[in-house]
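Read the structure below first, then the notes.
Quantities reported herein were computed from a predicted structural model and do not represent experimental measurements.
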Amino acid sequence: MALVDSKKMFKMAYENGYAIGAFNVNNMEITQGIISAVAEEKAPLILQVSRGARKYASMSYLRAIIDVAVAENPDIPIVMHLDHGDTFETCKQCVDDGFTSVMIDASKQPFEGNVAVTSKVVEYSHAHGVVVEAELGQLGGIEEDVVGADVDDVEKFLADPNQVVEFVERTGCDSLAVAIGTSHGAYKFKKEPKLAFDRLEEIGKRLAGFPLVMHGSSSVLAEFKDLINKYGGDMPGAMGVPEEAISKAVKMAVCKVNIDTDLRMAITAKIRQVFVEFPREFDPRKYLGPGREAIKNMVKHKLHVLGCAGKAAECM
Ligand code: G3H
Ligand code: 13P
Ligand code: ZN
């Protein structure tokens, strides 16, 4: 089976109350770890490529790796998605490169500017059979002292339910990332996790039937945080979105959940462990291999949290 877009996946996810895992890929081992997890769990998959990944690995290498994954797993629907496209030109390039889904993230622009660039991306992408994710609100915390927002003006960073219907109608986007207090990376909250579920619920009601997306959704799993800290790392205050919060969001029209940090921490934890336990080791296969295996096991676990394990066939 060739790469697919996310329309069918989101329809099934929305109707049946689960979400598709969108995992960031930067190299072969990360991709293989994710692929072997979805193959074993029979789950639909969104592989997402950031601008940084395109720069690091080069698109031709990433594309070749993804093509092999698709060819070897004909019973798994796989989307190749651009994560956080910043301009029309970046999105156009990815459409031309064969992506089946792109994100235009113009969320830092005022509403009208966001509408304008998103509409332009939608027009070009749809003409080429590619779906578009857009974003409203900016990622950041809603607690005091957290990343991305001052407590005084925190509200202005969150997605505004009063804007969502107009935004979707005017742009024609296929899914919408809504800022509800998450942020990228391993330090999402300083005290305790807090998300704006009231807003999420309200947005879900106003956009009935429409798939929402949650960025910054890594959980910063204790297993990997502890290994990293034990084996020479220094991430004591790292904190992510609890998995119960992810499950709750999935029941509120969130059909795509973005995970990168948990992949990074899994592979890093295992590499650190090998380096400390076997200081004479210098064969990359001996540390990248365990890293890849850790990614596989972590992703398998996530597929159950998201509820998409076993759903590959119905998303084809
Ligand atoms: O959007 C954030 C993702 O974790 C991608 O990160 O831009 O460093 O590849 P990156
Ligand atoms: P995390 O940093 O929480 O993994 O978020 C990833 C993400 O949102 C990619 O777009
Ligand atoms: Zn993101």
Heavy atoms only: give me the nearest Glu166-Phe111 pair and the separation to one decimal.
-> OE2-CE2, 3.6 Å
When every non-hydrogen atom of Ile259 is compared with those of Ser218, the smallest separation belongs to CG2-OG, 3.6 Å
Kindly determine whether Val131 and Phe10 satisfy side chain to side chain contact (heavy atoms under 4.5 Å, CB included), including the steps that lead there.
-> CA-CA 11 Å; Val131 294; Phe10 287 171; over 6 Å; no
Are the side chain of Asp174 and the backbone N or O of Val132 linked by a donor-acceptor pair below 3.5 Å?
-> yes
Going only through I, L, V, M, F, W and Y residues with side-chain contacts under 4.5 Å, is there a path from Val165 to Phe167?
-> yes
Ile295 side chain near Glu29 side chain, heavy-atom distance below 4.5 Å = no
Hey, does the side chain of Ser125 reach the backbone of Val122 with a donor-acceptor pair shorter than 3.5 angstrom?
-> no
Sole candidate of Arg170, Gln163, Glu169 that passes side chain to side chain contact (heavy atoms under 4.5 Å, CB included) when paired with Val115 | Arg170
More than 12 foreign heavy atoms under 6.0 Å from NZ of Lys8: is that the case here?
-> yes
Of all pairs that satisfy side-chain hydrogen bond (donor to acceptor under 3.5 Å, both in side chains), the ones with a partner from residues 96-108, not counting sequence neighbours | Arg54-Asp97, His81-Ser101, His84-Asp105, Lys92-Asp96, Gln93-Asp97, Asp96-Tyr124, Asp105-Ser107
Applying ring-ring contact (aromatic ring centres under 6.0 Å, His included) to Phe210 and not counting sequence neighbours gives none
For the atom pair CZ (Phe23) and CG (Asp262), what is the distance rounded to the nearest 0.5 Å?
-> 9.0 Å
How long is the span from the OG1 atom in Thr182 to the NZ atom in Lys188, to the nearest 0.5 Å?
-> 6.5 Å
Side-chain touch Leu82/Thr90, heavy atoms, less than 4.5 angstrom = yes
Those residues at least two apart in sequence (or on a different chain) that pass ring-ring contact (aromatic ring centres under 6.0 Å, His included) with His301 are none
Does Glu40 have any salt bridge (charged side-chain N to carboxylate O under 4.0 Å, His left out) partners at least two apart in sequence or in another chain, and if so, which?
-> Lys296, Lys300
Does Arg199 use its side chain to pair, donor to acceptor, with the backbone of Ala159 at less than 3.5 Å?
-> yes
Given Tyr18 and Lys311, is the side chain to side chain contact (heavy atoms under 4.5 Å, CB included) satisfied, shown in steps?
-> CA-CA 9 Å; Tyr18 60 86; Lys311 307 292 188 188; 3.6 Å; yes
Partner residues of His304 under the ring-ring contact (aromatic ring centres under 6.0 Å, His included) criterion, sequence neighbours left out = none
Closest contact, heavy atoms only, Met239 versus Lys190 | CE-O, 4.2 Å
How would you list, by chain and number, every residue that makes a salt bridge (charged side-chain N to carboxylate O under 4.0 Å, His left out) with Lys230, sequence neighbours excluded?
-> none
Is the shortest distance from a Lys or Arg side-chain nitrogen in Lys11 or Glu314 to a carboxylate oxygen in the other one below 4.0 Å?
-> no
How about Phe275 and Tyr231: are their ring centroids closer than 6.0 Å?
-> no
Co-membership, hydrophobic cluster, residues Ile180 and Val168, 4.5 Å side-chain = yes
Quiz: residues 244-254 side-chain donor-acceptor pairs under 3.5 angstrom, not counting sequence neighbours:
unit_1 : atom_1 : unit_2 : atom_2 : d
Ser247 : OG     : Glu243 : O      : 3.1
Lys251 : NZ     : Gly17  : O      : 3.0

Is a side-chain donor or acceptor of Glu281 paired with a backbone partner of Asp283 at a separation under 3.5 angstrom?
-> yes
From Met235 atom CE to Asn229 atom CG, the distance as rounded to the nearest 0.5 Å = 7.5 Å
For Glu133 and Ala177, the nearest pair of non-hydrogen atoms, with its separation, is OE2-CB, 3.7 Å
Go through the structure and list residues passing side chain to side chain contact (heavy atoms under 4.5 Å, CB included) with Glu89, not counting sequence neighbours.
-> Thr87
Given the rule in the side chain to side chain contact (heavy atoms under 4.5 Å, CB included) test, do Leu136 and Asp160 qualify, once you have shown the distances and angles that lead to the verdict?
-> CA-CA 8 Å; Leu136 266 182; Asp160 181 352; over 6 Å; no
Are side-chain heavy atoms of Leu212 and Ile203 found at a separation under 4.5 Å?
-> yes
Residues which pass ring-ring contact (aromatic ring centres under 6.0 Å, His included) with Phe197, listed by chain and number, not counting sequence neighbours | none
Val220 versus Lys225: any side-chain heavy-atom pair under 4.5 Å?
-> yes
What heavy-atom pair brings Ala22 and Lys256 nearest, and what distance separates the two atoms?
-> CB-CE, 3.6 Å
Is any side-chain heavy atom of Arg272 closer than 4.5 Å to a side-chain heavy atom of Leu227?
-> no
Could you state whether Tyr14 and Val79 fall into the same hydrophobic cluster, counting links through intermediate Ile, Leu, Val, Met, Phe, Trp or Tyr residues with side-chain heavy atoms under 4.5 angstrom apart?
-> no
Here the gap from Leu263 atom CG to Ile34 atom CD1, rounded to the nearest 0.5 Å, amounts to 5.0 Å
Distance in Å, Leu3 CG paired with Ile78 CD1, rounded so as to fall on 0.5 Å steps = 7.0 Å
For Arg51, all residues meeting salt bridge (charged side-chain N to carboxylate O under 4.0 Å, His left out), sequence neighbours excluded = Asp86
Please list, chain by chain and in numerical order, all residues satisfying side chain to side chain contact (heavy atoms under 4.5 Å, CB included) with Pro77, sequence neighbours excluded.
-> Val4, Met9, Pro44, Ala312, Cys315, Met316
Taking the side chain from Asn114 and the backbone from Pro110, do they hold a donor-acceptor pair closer than 3.5 Å?
-> no
His215 side chain near Glu135 side chain, heavy-atom distance below 4.5 Å | yes
Take atom CD in Glu123; do more than 12 heavy atoms of anything else shown fall under 6.0 Å from it?
-> no
Going from OH on Tyr61 to CG on Asn26, what distance comes out if it is rounded to the nearest 0.5 angstrom?
-> 16.0 Å
Are side-chain heavy atoms of Met298 and Phe224 found at a separation under 4.5 Å?
-> yes
Determine the minimum heavy-atom distance between Glu202 and Pro161, stating which atoms define it.
-> CG-CB, 3.7 Å
Check: Leu47 and Asn24 side chains under 4.5 Å, non-hydrogen atoms = no
Remaining members of hydrophobic cluster (4.5 Å side-chain criterion), Ile65 = Met28
Is it possible for you to say whether Leu221 and Ile30 belong to one hydrophobic cluster, with membership spreading through side-chain heavy-atom contacts below 4.5 Å?
-> yes
Treating Ile, Leu, Val, Met, Phe, Trp and Tyr as nodes and any side-chain heavy-atom pair under 4.5 angstrom as an edge, say whether Ile46 and Met103 lie in one connected cluster.
-> no
When you measure from the side chain of Tyr187 to the backbone N and O of Ala238, does any donor-acceptor pair fall under 3.5 Å?
-> no
Could you go through the side chain to side chain contact (heavy atoms under 4.5 Å, CB included) check for Val25 and Gln48 one step at a time?
-> CA-CA 6 Å; Val25 290; Gln48 49 186 20; over 6 Å; no
